[in-house]
Amino acid sequence: MHRGIEIHDGIYWIGVNDYETNLFEGLWPLPKGVSYNAYMIIDEKVALVDTVKGSYFSQYLDKVKALLPEGKSIDYLVINHMEPDHSGAIKVLVEAYPRMKIVGNKKTIQFLEGFYGITKNTVTIEDGEVLSLGTHKLKFYLTPMVHWPETMMTYDLETGTLFSGDAFGGFGALNGGIFDNQVDLEYYEDEILRYFSNIVGRYSAMVQRAFKKLEGIDIKTIAATHGPIWRKNPEKIISLYDQWSKQEAEEGVVLAYGSMYGNTQRMMEAVAKGLCDEGVQKIRLHNIAKSHISFVIRDIWKFKGLIMGSCTYNTELFPPMKQLISAIENRMMKNRYVGVFGSYSWSGGALKELEEFASNNKGWNFIEPVIEAQHSPKEEELKKCELLGTNMAKAIRKSL
């Protein structure tokens, strides 16, 4: 996609696709890349909404130049979010268009100076303020901590387009099509949830606050900074975001386990049998030593039940499982059902840490039995593992 793509009359997508970065933020795998979405509004005044990662500036600038009417320049750059994957091109853009005014809130302007040393030609806006470009009028909604303190959204009163920043966005490059009716939505919904649960989910309360601020607005198009543009059915992604930020989980169970030599894995298989025998179809199995933690967190966010099993390693919890527990606690998840089991050879430790995790999380419901096997699981212990699966299935079904 070498040219800008029209979204509505006078509004264009001028984003880029990144197929080269392996880890987003140095943490999250990008098996199918990521898009950095940016936008251009051509009216009596010309405005850009966000930029792109600095290494993609030349592609971005080519699109700007190709769309810019003869005799016009860039009047405004609106910054919804200062994270460098969206602001990285600002400094070079200012050199290309030195009279351009940079529009943002008070925090934005502070970050602008901190990241790039830019202090001139800035316009500080307040919550609810409107900037007229002519026909298009941009209204600004401050949405702090979704997911940085300076984040805001920009709403075009003329077309009903909400430039939402990172909110409603997800992983995955845009392969040819950029709109929700042109792409594989099942894939993007999973990748939007992976993005949300790992990056934004901790701030769910602030997402709900942003929803209240946007109540009553006629949103016809959602143009986020990553992933597809929701033009045909924006209600779909709004509904999903509302559900996720309320932590309303679906019927299903995540079974995360750590096993060095297959003994804890046998226990996991018995738990899975108990779940299946009781009619649970949506089971997400994760060998915590092989599954990247971002996919595990995504599935835990999606489903109501979580069962964790771990071998003991040097008298402690298996290290990848310890990392998972830390990640769950950091994201302040709630309204889940949890069960635990463990194994050891010569000294226990794993099960104790799992039990402490389960009991310390307020709002989590603990499912019994708790099972611990020494050396390898015996038939009686495997039967208890099946019972744990059965009890989990009954509990989550009753709760929904």
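- For NZ of Lys322, the number of neighbouring non-hydrogen atoms (other residues, nucleotides, ligands) closer than 6.0 Å is greater than 12.
- Rounded to the nearest 0.5 Å, atoms CG (Leu138) and CG (Leu157) are 8.0 Å apart.
- Checking Asn37 against His86 by side-chain atom types alone, no donor-acceptor pair falls below 3.5 Å.
- Around NZ of Lys106, the count of heavy atoms belonging to other residues, nucleotides or ligands within 6.0 Å does not exceed 12.
- A donor and an acceptor atom, one from each side chain of Thr225 and Asp50, are nowhere located under 3.5 Å apart.
- Contact between Glu44 and Lys72 at its shortest, heavy atoms only, is O-NZ, 2.9 Å.
- In terms of modelled atom types and a separation under 3.5 Å, the side chain of Trp301 and the main chain of Trp244 share a donor-acceptor contact.
- Leu255 and Ile297 are members of different hydrophobic clusters when ILVMFWY side chains are connected at heavy-atom separations under 4.5 Å.
- At distances below 3.5 Å, at least one donor-acceptor pair connects side-chain atoms of Arg331 with backbone N or O atoms of Asn198.
- In this structure, Arg284 forms no cation-pi arrangement with Phe303, as its terminal cationic atom is not both closer than 6.0 Å to the ring centre and no more than 45° off the ring axis.
- Contact record, Tyr344 with Gly348: CD1-N, 3.7 Å, taken as the closest heavy-atom pair.
- The six-membered or imidazole ring of Tyr241 lies near that of Phe196, with a centre-to-centre distance under 6.0 Å.
- For Ser310 (side chain) and Ala350 (main-chain N/O), no donor-acceptor pair under 3.5 Å exists by modelled atom type.
- A donor-acceptor pair under 3.5 Å links the side-chain atoms of Asp127 to the main chain of Leu142, judged by distance alone.
- Side chain to side chain, Ser343 and Thr264 meet the donor-acceptor criterion of an N or O pair below 3.5 Å.
- Across Ile118, Val123, Asn121, Leu48, a single residue satisfies side chain to side chain contact (heavy atoms under 4.5 Å, CB included) together with Ile102, and that is Ile118.
- Side chain of His375 to main chain of Ser345: a donor-acceptor pair is present (N/O by atom type, distance under 3.5 Å, no hydrogens or angles).
- Without hydrogens or angle criteria, Lys91 side chain to Gly88 main chain gives no donor-acceptor distance under 3.5 Å.
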How far apart are the C-alpha atoms of Val338 and Ile367, what are their side-chain angles, what is the distance that settles it, and do they pass the side chain to side chain contact (heavy atoms under 4.5 Å, CB included) test? CA-CA 6 Å; Val338 62; Ile367 305 299; over 6 Å; no
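- Between Phe111 and His81, a ring centre-to-centre spacing not shorter than 6.0 Å is recorded.
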Walk me through it: do Thr21 and Val34 pass the test side chain to side chain contact (heavy atoms under 4.5 Å, CB included)? CA-CA 8 Å; Thr21 301; Val34 67; 5.7 Å; no
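- A salt bridge does not link Glu251 to Lys282: none of the charged side-chain nitrogens sits closer than 4.0 Å to a carboxylate oxygen.
- Remark: the backbone N or O of Lys53 is not paired with any side-chain donor or acceptor of Asp85 at under 3.5 angstrom.
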Walk me through it: do Ser376 and Tyr261 pass the test side-chain hydrogen bond (donor to acceptor under 3.5 Å, both in side chains)? CA-CA 10 Å; Ser376 63; Tyr261 299 111; over 6 Å; no
Run Asp190 and Lys302 through salt bridge (charged side-chain N to carboxylate O under 4.0 Å, His left out) and show every step you take. CA-CA 10 Å; Asp190 275 350; Lys302 186 172 185 176; 3.8 Å; yes
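- Using a 4.0 Å cut-off between a side-chain N of Lys or Arg and a carboxylate O of Asp or Glu, Asp75 and Arg99 do not qualify as a salt bridge.
- With Ser326 contributing its side chain and Gln323 its backbone, the two residues share no donor-acceptor pair below 3.5 Å.
- For Arg194 (side chain) and Ser294 (main-chain N/O), no donor-acceptor pair under 3.5 Å exists by modelled atom type.
- When all heavy atoms of Gln182 and Gly177 are compared, the pair lying nearest together is OE1-CA, 3.3 Å.
- Aromatic ring centres of Tyr195 and His226: separated by under 6.0 Å.
- A donor-acceptor contact under 3.5 angstrom links the side chains of Ser291 and His286, judged on distance only.
- Counting non-hydrogen atoms of neighbouring residues, nucleotides and ligands closer than 6.0 angstrom, the NZ atom of Lys213 exceeds 12 such neighbours.
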Begin from the C-alpha positions of Thr390 and Asp277 and carry the test side chain to side chain contact (heavy atoms under 4.5 Å, CB included) through to its verdict. CA-CA 7 Å; Thr390 299; Asp277 287 350; 5.6 Å; no
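- Trp230 places a side-chain heavy atom less than 4.5 Å from the side chain of Pro228.
- Heavy-atom neighbours of Tyr19 OH from other residues, nucleotides or ligands within 6.0 Å: above the threshold of 12.
- Screening Leu174, Asp180, Leu193, Ile237 against Tyr188 for a side chain to side chain contact (heavy atoms under 4.5 Å, CB included) leaves a single residue, Leu174.
- Of all heavy-atom pairs spanning Glu25 and Glu83, the tightest one is OE2-OE2, 2.6 Å.
- Looking at Ser245, its side chain does come within 3.5 Å of a backbone N or O of Asp242 through a donor-acceptor pair.
- When every heavy atom of Gln247 is checked against every heavy atom of Lys334, the shortest pair comes out as OE1-N, 2.8 Å.
- The ring pair (Phe, Tyr, Trp, His ring centres under 6.0 Å) test with Phe171 singles out one residue from Phe24, Trp28, Tyr187, and that residue is Phe24.
- Remark: Lys63 is not positioned above the aromatic ring of Tyr12, lacking an NZ or CZ atom under 6.0 angstrom from the ring centre and at most 45 degrees off the axis.
- With rounding to the nearest 0.5 angstrom, the OG1 atom of Thr108 is 5.5 Å from the CE atom of Met152.
- Within 6.0 Å of CZ in Phe115 there are more than 12 heavy atoms belonging to other residues, nucleotides or ligands.
- Distance check: Tyr60 OH to Leu93 CG gives 5.0 Å after rounding to the nearest 0.5 Å.
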Apply the test ring pair (Phe, Tyr, Trp, His ring centres under 6.0 Å) to residues Trp148 and Tyr203: give CA-CA distance (whole Å), side-chain angles for both, the deciding distance (0.1 Å), then the verdict. CA-CA 9 Å; Trp148 275 26; Tyr203 308 104; over 10 Å; no
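- Ring geometry, Phe163 versus Tyr39: the interplanar angle falls from 30° to 60°, so the pair is classed tilted.
- Residues Leu61 and Ala96 share a closest heavy-atom pair of CD1-CB, 4.5 Å.
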Please evaluate residues Ile79 and Thr51 with respect to the criterion side chain to side chain contact (heavy atoms under 4.5 Å, CB included), reporting the C-alpha separation (whole Å), side-chain torsions for both, the decisive distance (0.1 Å), and the verdict. CA-CA 8 Å; Ile79 304 175; Thr51 69; over 6 Å; no
